[in-house]
Every structure is written in structure tokens, then in C-alpha cells.
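Presented below is the structure to which this report refers.
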Amino acid sequence: MTEPIICTRCVMDTSDSLINFNDLGICDHCRTYEKKILPIWKMGEGREDELAIIVNRIKKDGRGKDFDCILGMSGGIDSSYLLYLATEKLGLKPLVFHVDAGWNSQIAVNNIERLVDGLRLDLYTHVIDWQEIKNLQRAYFKSGVPHIDTPQDHAFFATMYKFASDNKIKNIVTGGNYSTECVRNPKEWMYHQSDSIQLRDIYKKHGDAPLRTYPLTNILWHKIYLPFFKGIKLYRLLDFLPYNKESATQFLVDTYGFERYPQKHFESRFTKFYESYWLTQKFGYDTRKVQFSSLILTGQMSREEALFLLKSPAYDPDKVHLEFEYIASKLDMSKEELTECFELPNKTYKDYANQERLYLFGTRAFNFLGKELGGKR
């Protein structure tokens, strides 16, 4: 097996088949960060006036109401710290919105309770129909694509957008940020989770029951209709002030008893299994390379530390068989059935109906208009 070529600045490598390097060995992810993201983001420095305008707009829209915005809460570090900032520092009145897809770790449940109780807030939890999301996740395993976490992610955002629309809440704030996410997962690793055409096609070919209540969204609805016709805006407030992951985590630990996660996105047991084991062992995609590269570029981790950590697997070799059995059992699959899915030929998003052209057109249009550069999904 050929050794991967690694970027000389971050730790992205040729496991991203579309990566390219300049004469200095610096990859296109780093160059995109320097040319397109950093000049706008400015590491959150000097953006107080921009933040004040957004906060005042949110407060004005929520005047006389119980809530002035929806805050999507996963229990992870980014959304947890955002909740503290939004309430204690910015004076917002968020509806703390959590979508339960059936895979919350106990750590996530505890962290959400600690933040909500500590800040004296109410929590709204929307529970996705377990039978439907279970059927969807089984279909994704059988499809052979790498992005099997789509059923969870799609449901999270579709539910939040629908709730905002139905309840006439004009503003949504999320923990998405450049500080920890300035390098994006390659599209071949994690295709657009909001592509409902692909979701429907995979389910049509591999599902076994109708989807009656599962929430669906699409790019035209949440990128065009909601913001431009319904006036619903989404803000990533962490981009407008300095945000350091370790400092924020330690603050939450000291103040609210927050419990650390071994890795980003591990608040979901399914995502933990998917990112640490399934994606790395079946496809050779290690999302830590994306996460660590973001931290390297923003000065929060050294390249040497990242390379050292990447020498060890993200999963515990002594316990992964227990996780494998847990995932199979919860999805009403035998261990043998899940193993068969693991051994299926690998496929990509291109093997199923998709809206890739629409996403490409939308990205170019937004970039041309100066509305959107970089960011996640």
C-alpha cells in the first residue's frame, strides 16, 4: 500500500482523493483557509460591532416574546459554550432546542442537563420516531456509502428549521464555527446531509417501510425560501469573537461540571462508532485529520501533537467489538448482518441520485454575492 502524502502545514493527506499541494507541499485546505476564511473571520478579533448588530436584531425580533431565537443544543462543547455566551454575555433569550435521534450518550445527557439547569433555562426536546430513523440507518448501512450519519444530521436540521418556521421564530443560532471547523470534511467522506433526493433514493433502494413522520429538508427550502421569503436567519455567533476550544471546555468543566468527550461529535454513540471505527476501517477516512487540521491552522494544536495522536486508532481496540454488537442490536440487526454491510463494496454519493449540481451552483452564487464563504455543510 502506498504511503499517503501529508500536507506540510496541517495533517490532511491523500486519503482525500481530491487534495492538491503547491510547490511547498501545502494543501488546498490550508490555502482556502488563508485566502477565503481568515480574511473574513479574522479569528473573531475586532468583530464586536458586527456581533452587536446581529444581537440587537435578534433581540428586536424577539421583543415581547418568551424567546428571541432557537439555539440548537447537542451537548457538545461548541453548542454548550454558545449557550453560556448567548445567555450570560449577550443577553439573549434562546429556546434551547435538542433533537433526540435515539443515540445520545449518557455524557451528553448529563452535560445538557448541567448547562440548562446551571443557566436556569427550559429545554425543548423533539424525539424522532425511532422506528423510522432505525430503518433509515439500516438502509444507509446497506447502501455502501460512507456518510451513514446522514439520517441523524438531516433530522436535526430539518426539525429545527421546521419548528422555527411553524412557530414564527426568525433567528436560529448554532455552534458551527471556523475556530474548530475551518477545514471541511471532503465531500467523498461526508456528502451533503441536507440532500433529500439522495436520502430518498437510498431509502427507496434499501429501506423496508414508508417514512411517514421523518423530517425532511432540502437546500432550496432552508437556503432560499426560509431566509429570503420567511425571514428566518441562521447565525454562527462563535465566529464573531475569539473562541478557543480548550479554554472554553475548561471553563465549562469548572463552572458547570461539564464532562469532556474523547473526540469531537462523540456526544452521539452512533457517531462515535461511525467516525472512530466504521469510517476509518471500511473507507480509510479519519475525521480526526480534519478536526486536528482545523486546530493546527487556528493555533490550538501543534502539527507534531496531531501526528502523534493519529498513530493510535480513534477507537478502543479492546472494546470496539462491544460497540459493534451494541449498534447491531439497537438497529435490530445481527452481528453477522452488520458484518455483511461492512464487507459490501464501497460506494459513494455518486452511486445514488443526488443534487450535487444544485449545491455547486448554490455555492458559486453565494460566494459571488458575498453571502457565504467556507463553513460546514
Side-chain angles (χ1 to χ4, degrees), residues 32-74 76-97 115-116 118-121 160 164 169-184 223 226-228 231-256 258 264 294-301 366-367 369-377:
T32 295
Y33 171 75
E34 291 290 346
K35 294 178 181 179
K36 293 186 176 181
I37 295 175
L38 188 57
I40 294 174
W41 172 43
K42 304 172 185 175
M43 301 194 78
E45 298 282 357
R47 305 192 69 185
E48 297 85 359
D49 291 345
E50 294 175 80
L51 179 60
I53 291 172
I54 293 171
V55 170
N56 289 335
R57 183 182 302 147
I58 293 174
K59 289 180 178 180
K60 181 180 178 181
D61 288 341
R63 193 170 296 156
K65 301 177 182 177
D66 292 335
F67 308 103
D68 50 26
C69 61
I70 291 176
L71 189 150
M73 179 70 169
S74 69
I77 175 60
D78 299 333
S79 61
S80 297
Y81 191 67
L82 173 63
L83 182 61
Y84 156 74
L85 284 175
T87 54
E88 298 297 287
K89 295 297 182 180
L90 302 179
L92 296 176
K93 302 181 298 181
L95 170 64
V96 187
F97 194 92
L115 265 294
V116 169
L119 293 167
R120 304 171 301 281
L121 299 170
M160 189 162 58
I169 299 176
K170 297 292 187 181
N171 300 288
I172 300 172
V173 296
T174 77
N177 65 90
Y178 288 131
S179 181
T180 65
E181 299 169 346
C182 61
V183 175
R184 301 182 63 168
K223 285 288 191 181
L226 289 185
F228 295 107
I232 296 175
K233 307 292 185 183
L234 185 143
Y235 298 105
R236 300 169 16 138
L237 300 183
L238 293 178
D239 284 342
F240 293 89
L241 69 172
Y243 174 53
N244 178 281
K245 178 183 177 182
E246 174 56 32
S247 298
T249 303
Q250 192 59 51
F251 172 82
L252 294 180
V253 169
D254 295 340
T255 309
Y256 300 104
F258 187 89
K264 188 177 177 68
S294 291
L295 296 178
I296 291 168
L297 291 177
T298 57
Q300 300 177 69
M301 176 182 279
F366 277 114
N367 285 344
L369 295 172
K371 295 288 185 181
E372 182 174 301
L373 284 170
K376 184 181 180 182
R377 297 186 188 99

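Just so you know, these numbers use all the heavy atoms, side chains as well, and skip hydrogens, waters and symmetry mates. All figures in this text were calculated on a predicted structure; none of them were measured in a lab. Numbers for residues simply follow the sequence, beginning at 1.
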Original post:
Do Thr298 and Trp41 have side chains that get closer than 4.5 Å, going by heavy atoms?
Top reply: yes
Subject >> Any Leu95 side-chain heavy atom under 4.5 Å of Leu71 side chain >> reply: no
Counting distance only, does the side-chain N/O of [X] pair as donor-acceptor with the main-chain N or O of [Y] below 3.5 Å?
| X | Y | value |
| --- | --- | --- |
| Thr87 | Tyr84 | yes |
| Glu246 | Met301 | no |
| Ser79 | Gly175 | no |
| Lys93 | Lys65 | yes |

Rounded distance (nearest 0.5 Å) linking atom [atom1] of [X] with atom [atom2] of [Y]:
| X | Y | atom1 | atom2 | answer |
| --- | --- | --- | --- | --- |
| Lys170 | Ile70 | NZ | CD1 | 12.0 Å |
| Leu82 | Ser74 | CG | OG | 10.5 Å |
| Leu238 | Leu85 | CG | CG | 6.5 Å |
| Ser294 | Tyr178 | OG | OH | 11.5 Å |
| Lys233 | Asp61 | NZ | CG | 10.0 Å |
| Leu297 | Thr180 | CG | OG1 | 12.0 Å |

**OP:** Mind telling me whether Tyr81 and Tyr243 have parallel, tilted or perpendicular rings, with 30° and 60° as the class edges?
**Re:** parallel
Subject >> Within 45° cone and under 6.0 Å: Arg57 NZ/CZ vs Tyr235 ring >> reply: no
Original post:
Looking at residues at least two apart in the chain, or sitting in another chain, which of them share a side chain to side chain contact (heavy atoms under 4.5 Å, CB included) with Lys59?
Top reply: Val55, Asp68, Leu92
**OP:** Determine the minimum heavy-atom distance between Leu252 and Ser80, stating which atoms define it.
**Re:** CD1-CB, 3.7 Å
Original post:
So which heavy atom on Pro39 is nearest to which on Lys36, and how close?
Top reply: CD-C, 3.9 Å
Original post:
What pairs with Phe97 under ring-ring contact (aromatic ring centres under 6.0 Å, His included), at least two apart in sequence or on another chain?
Top reply: Tyr124, Phe163
**OP:** Answer with yes or no whether the side chains of Asp239 and Asn177 bring together a donor and an acceptor at under 3.5 Å.
**Re:** no
Subject >> Sidechain N-carboxylate O distance under 4.0 Å for Glu45, Lys42 >> reply: no
Original post:
Are the charged groups of Lys264 and Asp78 less than 4.0 angstrom apart, N to O?
Top reply: yes
**OP:** Evaluate the side chain to side chain contact (heavy atoms under 4.5 Å, CB included) criterion for residues Asn171 and Ile232: first the C-alpha distance (whole Å), next the side-chain angles of each, then the deciding distance (0.1 Å), finally the verdict.
**Re:** CA-CA 6 Å; Asn171 300 288; Ile232 296 175; over 6 Å; no
Original post:
Stepwise, does the side chain to side chain contact (heavy atoms under 4.5 Å, CB included) test hold for Leu115 with Met73?
Top reply: CA-CA 10 Å; Leu115 265 294; Met73 179 70 169; 4.1 Å; yes
